[in-house]
Amino acid sequence: MAADHPHAWAARAIRLLRDEARQHGPTPLHTLRLPGVPGIDLHLKDESAHPTGTLKHRLVRALFTYTLAAGAIQDSTPVLVATGGPVAVAAAHFARLLDLPCTAVVPPRTPAAALDRITAAGGDWQYAERPPAALQEETRALAEATGGHFLDHFTDAAPAVASCGDPTLADELFAQLRTTPHPLPAWLVTGAGTGATSATLGRHLHRHGHPTRLAVADPENSAYYPSWTTGYSGYATGMPSRIPGIGRPRVEPGFLPTAVDLVVPVPDPASVAALHWLHTAGFPAGPSTGTAFWAACHLAARMREKGVRGSIALVMGDGADPYRATYLDPAWLTARDLEPGPHRTTLDRFAATGEWAGA
Ligand SMILES: *Cc1c(COP(=O)(O)O)cnc(C)c1O
């Protein structure tokens, strides 16, 4: 009987994950038209609309499907993750759906609000005992000692998305763009954390032979920009990014440099200026969307200079809500030298005239 088959539980679990995706449907695509760049549409793929509020929801669902299909998670296997961020919240959400225990091993200085989000999604957390650089190893060892499975998003998110068989962010985005004036954008713009999202977009472009180019918007302290420009994958900055979710001190295994046409370095205060600009314009996005929006505006200004019409689609990785007391608070920004300063003027001028200061 099917119910006694050793794969029956995993098959049912995979079906639950698929139903979850179908139930919520595609995330919205918002369109922004600016007086300064007539004939150039900017689209925001709003990943804040996922039940756990970030694009990690999609990555973690693919990770679960991929891991279940490989037989590495079975009925009542404890699931462990090595982060206190949105991957932990999404992992807790899906573990609850599948009735599995989930523990996040979190760095000692994880904010209380982040821990609360993990608990609210049904997960447990515990503080890491070893230094932050050893977080993944510590979690892997803990999983081995407890018969659990370490869901390693830095190593496995990109292959999971590529092979889980579910519609990707790129599939959804291009289906939505079909009904717009420019169904094949001139550019796609995203940030890179694990690199899975940029790899997914790049693979889609290659597979379909689209003329669209892919730009990665990279914050300060990230290894992606220097490594992409030099071709040296061992590049390490040793410094954490200040833009949540994107920019890494080393090149993560999921980042696919050959799929990327351009990496745009974005100063952190410019990311903040763009975040505030979007907020004022009615798009409550998070900081990584600010970074992507800054790069997208720069690319739109170049299109205008060349007299090119078309569209640019960018990934809105999360929303503004978790950042009200931080990136949206002027005092918090001042204490960290992150004030938007003249970058805000650059954006206001660009939006009104299409001109890019200093370009
Ligand atoms: C993770 C993340 C990204 C980057 O996505 P990757 O697929 O990991 O490169 C962008 N924005 C936010 C808010 C994220 O959490």
Side-chain angles (χ1 to χ4, degrees), residues 27 44-50 52-63 66 81-91 93 114 117-118 151-162 164 168-170 172-173 188-204 214-219 222-225 227-228 240-257 259-260 263-264 266 268 271-272 274-275 278 283-296 313-323 326-328:
T27 55
L44 272 83
K45 179 67 173 154
D46 182 359
E47 294 288 282
S48 75
H50 287 295
T52 59
T54 81
L55 63 69
K56 293 301 187 308
H57 193 83
R58 197 188 279 286
L59 296 187
V60 171
R61 185 172 51 221
L63 263 175
Y66 171 80
V81 291
T83 169
V87 163
V89 181
H93 171 89
R117 281 192 283 273
I118 298 170
L151 216 54
D152 183 352
H153 59 290
F154 281 114
T155 306
D156 292 337
V161 174
C164 78
T168 65
L169 171 74
E172 247 182 61
L173 172 63
L188 299 182
V189 186
T190 183
T194 67
T197 302
S198 57
T200 304
L201 294 171
R203 277 208 191 87
H204 187 97
L214 173 62
V216 165
D218 208 35
S222 174
Y224 289 128
Y225 174 70
S227 114
W228 187 83
S241 162
R242 294 191 292 174
I243 305 297
I246 63 168
R248 295 290 301 163
R250 57 164 205 167
V251 177
E252 298 297 342
F255 183 72
L256 192 62
V260 176
V263 181
V264 183
V266 178
D268 291 343
S271 295
V272 171
L275 161 69
L278 281 169
F283 298 96
S288 78
T289 312
T291 313
F293 185 66
W294 179 268
L314 59 124
V315 177
M316 176 170 160
D318 66 359
D321 266 344
Y323 306 107
T326 53
Y327 293 80
L328 290 166

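Excluded from the calculations below are hydrogen atoms, water molecules and symmetry mates; all remaining heavy atoms, backbone and side chain alike, are included. We count ligands from 1, going down the list as the structure has it; atoms in each ligand are counted the same way.
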| said: So if I only count non-hydrogen atoms and take anything under 4.0 Å from ligand 1, which residues does that give, chain by chain? | reply: Leu55, Lys56, Leu59, Ala192, Gly193, Thr194, Gly195, Ala196, Thr197, Gly245, Ile246, Ser288, Gly317, Asp318
| task | Verify, without hydrogens or angle tests, whether Glu172 (side chain) and Thr27 (backbone) share a donor-acceptor contact under 3.5 angstrom. | result | yes
| field | Leu275 and its side chain to side chain contact (heavy atoms under 4.5 Å, CB included) partner, picked from Pro284, Ser288, Pro287 | value | Pro287
| note | Hits for side chain to side chain donor-acceptor pair (under 3.5 Å) against Thr326, two or more places apart or cross-chain, chain-then-number order -> none
| For the side chain of Thr200 and the backbone of Ala196, is there at least one donor-acceptor N/O pair under 3.5 Å apart? | yes
| note | Sequence neighbours excluded, the answer for side chain to side chain donor-acceptor pair (under 3.5 Å) partners of Ser198 is none
| query | How would you list, by chain and number, every residue that makes a side chain to side chain donor-acceptor pair (under 3.5 Å) with Ser227, sequence neighbours excluded? | reply | none
